[in-house]
Asker: 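Supplied in C-alpha cells, the structure appears directly below.
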Amino acid sequence: MITVSTARELRIVCDDARAAGNRVGFVPTMGYFHAGHRSLMRQARHENDLVVVSLFVNPLQFAPTEDLAAYPRDLAGDAAAAETEGVDVLFTPAVDEIYPRPIRTSVHVEGLTAGLCGRARPTHFDGVTTVVAKLFSMVGPCAAYFGRKDAQQLAVVTRMAADLNLPVEVIGCPLVREPDGLAMSSRNAYLEHDDRRAATVLSRALQAAAAEVSSGERDADVVHRVLTGMIATEPRVQLDYAEVVDASDLTPVTTIEGDVLVAVAADVGRARLIDNMTLSVGPTSVDVDLGVVAMPQSAGG
Ligand code: AMP
C-alpha cells in the first residue's frame with residue numbers, strides 16, 4: 001500500500017491504472033476505521049484492480065457547533081487496517097490540499113437533502129456532495145462504495161452522480177452492526193459506559209418496528225409510535241427524528257408498501273447517532289434489511 005497526500009500524486013497513480021485497463025474502486029471515509037469501513041474496502045477489493053481509500057475529515061460537512069475538532073483520529077491504526085484489507089492507495093490530504101482557496105462552488109442535491117438529517121444539519125449534505133464530487137474528480141473511480149448506514153447520504157450521492165452524469169457506479173454496501181445491534185460508527189467512541197448501553201435502544205426500536213410490520217401492520221403512524229415509544233424508555237437517548245419514508249425519494253409515507261426506509265437519529269451523550277433499516281413490503285411478504293453483524297476480528301486484525 002502507498003500513502004499519498006497530494007491530489008497530483010493520487011492522479012498519477014489512478015491515471016496509470018486506468019490507462020493500463022485496470023478498474024479503479026474508491027472508498028471515501030473520514031477515518032477511525034471500524035468493521036463497517038473495512039467491509040466497504042473488502043467489497044472494493046473483490047471488485048476492482050486498484051483500490052483507493054481516502055481519509056479526510058471534511059470541515060465543509062460540519063456546522064460550526066459540531067464535533068469537527070473532537071472527531072476521533074488514528075492515522076497509524078487506520079493505515080494498518082487499510083493495509084490488512086488489501087487497499088492499494090491511502091489518500092490522506094491536508095485540509096489545504098482539498099480547499100487551497102475559499103470554495104465558491106458547491107454541489108447541492110435538491111429535495112433529498114431537506115428531510116431526515118437535513119433538518120437538524122441543513123449545511124451537511126452540501127458539504128458531503130461537494131467533497132465527494134471533488135474526490136471523484138481526483139480519483140476518477142469506476143465504482144465508489146458507500147455504506148447503507150448513512151442511507152440518506154447514499155441516496156444523495158447516487159442522485160448527484162446520476163444528475164451530473166458522473167462516470168462512476170455508486171454502490172451501496174450493507175450496514176454493519178456490533179453483536180448487540182448497535183450500528184458501527186466512529187462516533188461510538190464518544191459513548192461512555194451507560195450511554196453505550198442505552199444506545200442499543202435505537203436498533204432494538206427498529207427491530208420492534210420490523211416485527212410490527214412483519215405481523216401485518218401497514219400504518220406508518222403506528223410504526224412511528226412503536227419507535228418513539230421504545231426510544232422514550234431510555235432517558236439518556238434524546239430522539240431527533242424517527243421517520244418512515246419512501247426508500248427512493250425519502251418522502252414520508254402513510255401506508256407501508258414497496259420499499260420503505262425506517263430511519264432514526266438521536267443524541268446520546270456527546271454523540272449524534274443514526275440508524276435505519278429497509279423494508280421491502282409486497283402483497284404477501286415482508287423483507288427486513290437490518291444489515292449484518294460484524295465478524296469478530298482476529299487477534300491484531
Ligand atoms: P465515515 O468515515 O463515517 O464518513 O464513513 C465512511 C463510509 O463508511 C460511508 O460510506 C459510511 O456509510 C460507511 N460506514 C460507516 N459506518 C458504517 C457501518 N456501520 N456499516 C456500513 N458502512 C458504514
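We number each residue from 1, following the sequence as shown. Any value given below was found using the heavy atoms of this structure, including those in side chains, with hydrogens, waters and symmetry copies removed. Atoms within a ligand are numbered from 1 in the order they appear, just like the ligands themselves.
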Asker: Counting only heavy atoms and a distance below 4.0 Å, can you name the residues contacting ligand 1?
Answerer: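 Answer by chain and number: P28, T29, M30, G31, H34, G36, H37, L40, Y71, F146, G147, K149, D150, Q153, P174, L175, V176, M184.
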
Asker: Any side chain to side chain donor-acceptor pair (under 3.5 Å) involving residues 55-64? Give me the pairs, sequence neighbours left out, ordered by first then second residue.
Answerer: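 Matches after skipping sequence neighbours: N58-Q61, N58-Y99.
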
Asker: State whether the side chain of D289 and the backbone N or O of M277 hold a donor-acceptor pair below 3.5 Å, judged by distance alone.
Answerer: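 Checked: no pair found.
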
Asker: Could you check whether any side-chain heavy atom of T255 comes within less than 4.5 Å of a side-chain heavy atom of D219, counting everything from C-beta outward?
Answerer: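 In short, these two side chains do not touch, never coming nearer than 4.5 Å.
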
Asker: Is E66 salt-bridged to R272, cutoff N-O under 4.0 Å?
Answerer: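 Here E66 does not pair with R272 in a salt bridge, since their nearest N and O are not under 4.0 Å apart.
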
Asker: Can you confirm whether more than 12 heavy atoms, excluding those of E9, are under 6.0 Å from its CD atom?
Answerer: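 Counting other residues, nucleotides and ligands, CD of E9 exceeds 12 neighbours.
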
Asker: Does K149 come within less than 4.0 Å of D275, counting only side-chain N to carboxylate O?
Answerer: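 No.
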
